[in-house]
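Down below is the structure, laid out as structure tokens.
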2 protein chains.
Amino acid sequence: MSNQKSPGARGSDAVKSSLSVEAWAEAALDALATGGLDAVAVEPLARRLGVTKGSFYWHFPSREALLREALKLWERHETIDARAGVEEMTDPYERIVRLFKQANSSYKAGRLYLALAAASDDPAVGEVVKRVSANRLNYLNQCYRALGLSELDARLWSTFAYATFIGNQQVHRDTPEQFPVDEDFRAYFKLMLKTLVPRPGGPVDGEA
Amino acid sequence: MSNQKSPGARGSDAVKSSLSVEAWAEAALDALATGGLDAVAVEPLARRLGVTKGSFYWHFPSREALLREALKLWERHETIDARAGVEEMTDPYERIVRLFKQANSSYKAGRLYLALAAASDDPAVGEVVKRVSANRLNYLNQCYRALGLSELDARLWSTFAYATFIGNQQVHRDTPEQFPVDEDFRAYFKLMLKTLVPRPGGPVDGEA
DNA sequence: TCGTTTCCATACTTCAACGTACGGGATAAA
DNA sequence: TTTATCCCGTACGTTGAAGTATGGAAACGA
């Protein structure tokens with residue numbers, strides 16, 4: 001980063017400039033979700049925002065810096081928003097249900113994750129994707145442990161559930177016509193819940 | 001395409017030239033699996049193959065033609081190989097089990113699918129991905145119907161199972177450390193089979 | 001009002017990849 | 001041996017985006 005300290009004047013609150021930087025980062029995430037990593041290009045983004053490169057290179061020293069900022073923003077969204085509306089659920093079963101509903105509700109967030117995961121070749125991207133993914137898995141794991149599952153069972157079930165919802169995003173994106181909607185989706189969701197979340201007190205499925 | 005008819009001489013068998021074209025297509029798929037769609041670039045591929053652009057532009061009129069050829073090759077692999085070793089299984093349960101094992105065995109194929117799916121913005125790529133994905137889903141659907149499930153149940157279960165395995169590839173790629181291996185993987189696989197494939201004669205899970 | 005700082009536009013250089021033109025060596029037919 | 005075709009290398013023109021340099025308009029403090 002280069003020189004963002006006091007935008008309006010003295011130390012007012014450093015919001016206007018920081019908002020401009022964040023606007024670039026948001027635009028970068030938007031481009032990522034629709035066009036992949038190469039779509040995060042300075043000149044196309046500038047055109048999209050109605051400015052020129054001159055503006056960009058005042059806020060950022062390079063394209064890579066924009067990417068870092070966008071990744072930081074995404075990771076913050078992904079870790080803050082993921083916990084919102086879930087933490088306050090005390091019953092572990094209801095908490096997992098809430099998690100599932102939330103995971104299935106944000107289509108745009110799903111596209112973003114898929115786009116970033118596809119760009120994991122880039123080391124900076126891969127690092128953040130790995131951290132976010134590991135975070136989700138660990139949290140899901142804790143939820144399953146709270147259901148009374150053993151360490152191994154919780155790990156297997158959480159991986160199972162997580163893979164299923166990642167795959168749902170993928171199938172929904174790649175083959176939208178085949179993905180259940182409305183009534184069918186409700187039945188589909190119900191089926192997944194019933195299958196992926198062992199009810200407390202139900203059969204525990206050890207091995208064999 | 002431009003001009004490939006008789007490589008050695010008269011109409012011998014048109015294999016040497018066709019093999020050269022296929023070699024380019026294979027290289028393109030390799031690059032796709034590791035570096036994404038942008039890695040399918042003429043000059044880098046030529047360097048990788050130890051030749052120059054001069055060779056490429058004799059076999060192909062453009063980069064897009066190479067992409068089309070690579071996609072054609074991939075689709076052929078994906079539809080031929082997918083049926084191999086599965087069709088001869090008569091018992092529907094065993095057939096699904098075989099399908100699952102096969103889907104989990106080819107890591108490279110999984111990476112290729114993910115890379116292509118990530119490049120679905122390209123219309124040519126998106127079309128093929130959609131076709132391949134729909135094919136797999138329909139085949140899985142038939143397998144579940146053969147198990148005795150209703151049309152709706154088969155559609156839901158096949159979507160469920162397919163999403164899970166797509167997601168497994170994704171998780172395995174994005175968070176390899178978290179993915180179960182060896183003993184754990186066997187338990188994981190067993191769990192998925194038991195969960196995703198209703199045994200014939202078992203509980204059918206209608207609704208509610 | 002005057003000068004400074006903020007933010008952006010314009011013009012330029014660099015670079016990598018696409019595509020084209022052309023030439024040359026090798027091989028097989030005559 | 002001559003000739004034509006196959007296959008590929010070299011050199012060139014073009015495009016799009018990265019990054020740099022510089023100027024200028026507007027807002028703000030003094």
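Just so it is clear: chains get the letters A, B, ... in the order the sequence lines come, proteins before strands, and each one is counted from 1. Hydrogens, waters and symmetry mates play no part in the numbers below; they use all other heavy atoms, side chains included.
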Provide, to the nearest angstrom, the distance between the [atom1] atom belonging to [X] and the [atom2] atom belonging to [N].
X	N	atom1	atom2	result
A:F60	D:dA17	CZ	P	19 Å
B:L37	C:dC18	CG	P	11 Å
A:K53	D:dG23	NZ	P	18 Å
A:D38	D:dA18	CG	P	11 Å
A:Y57	C:dA11	OH	C1'	15 Å
B:E64	C:dA17	CD	P	19 Å
B:E43	C:dC18	CD	P	6 Å
B:R63	C:dT20	CZ	C1'	18 Å

- prompt: Relative to the ring of B:W74, is the ring of B:Y113 parallel (under 30°), tilted (30 to 60°) or perpendicular (over 60°)?
  reply: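 Answer is tilted, since the angle falls between 30° and 60°.
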
message: Classify the ring geometry of A:H172 against A:F179: parallel below 30°, tilted from 30° to 60°, perpendicular beyond 60°.
response: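 A:H172 vs A:F179 ring planes: tilted.
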
Minimum-distance nucleotide to A:V42 side chain [options: D:dA18, C:dA9, C:dC18]: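 Of the candidates, D:dA18 comes closest.
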
message: Given C:dC8, D:dC8, C:dC18, identify the nucleotide with an atom nearest to the side chain of A:W58.
response: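 The answer is C:dC8, which lies nearest to the side chain.
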
message: Between B:A41 and A:V51, which residue's closest nucleotide on DNA chain C lies nearer the 5′ terminus?
response: A:V51

Polar side-chain atom of [X] near backbone of [Y] as donor-acceptor pair, under 3.5 Å:
X	Y	value
A:S133	A:K130	no
B:N138	B:A134	yes
A:R155	B:P180	no

message: Just N and O in the side chain of A:R47: are any of them under 4.0 Å from OP1 or OP2 of D:dG16?
response: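 Negative; the distance criterion is not met.
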
query: Under 4.0 Å: is that the gap between some side-chain N or O of B:H59 and OP1 or OP2 of D:dC8?
result: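 The answer is yes; a side-chain N or O of B:H59 sits under 4.0 Å from OP1 or OP2.
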
- prompt: Taking for each residue the nucleotide of DNA chain D bearing the nearest heavy atom, is the 5' side occupied by B:F56 or by A:V40?
  reply: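 Looking at the nearest nucleotide for each, B:F56 comes out on the 5' side.
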
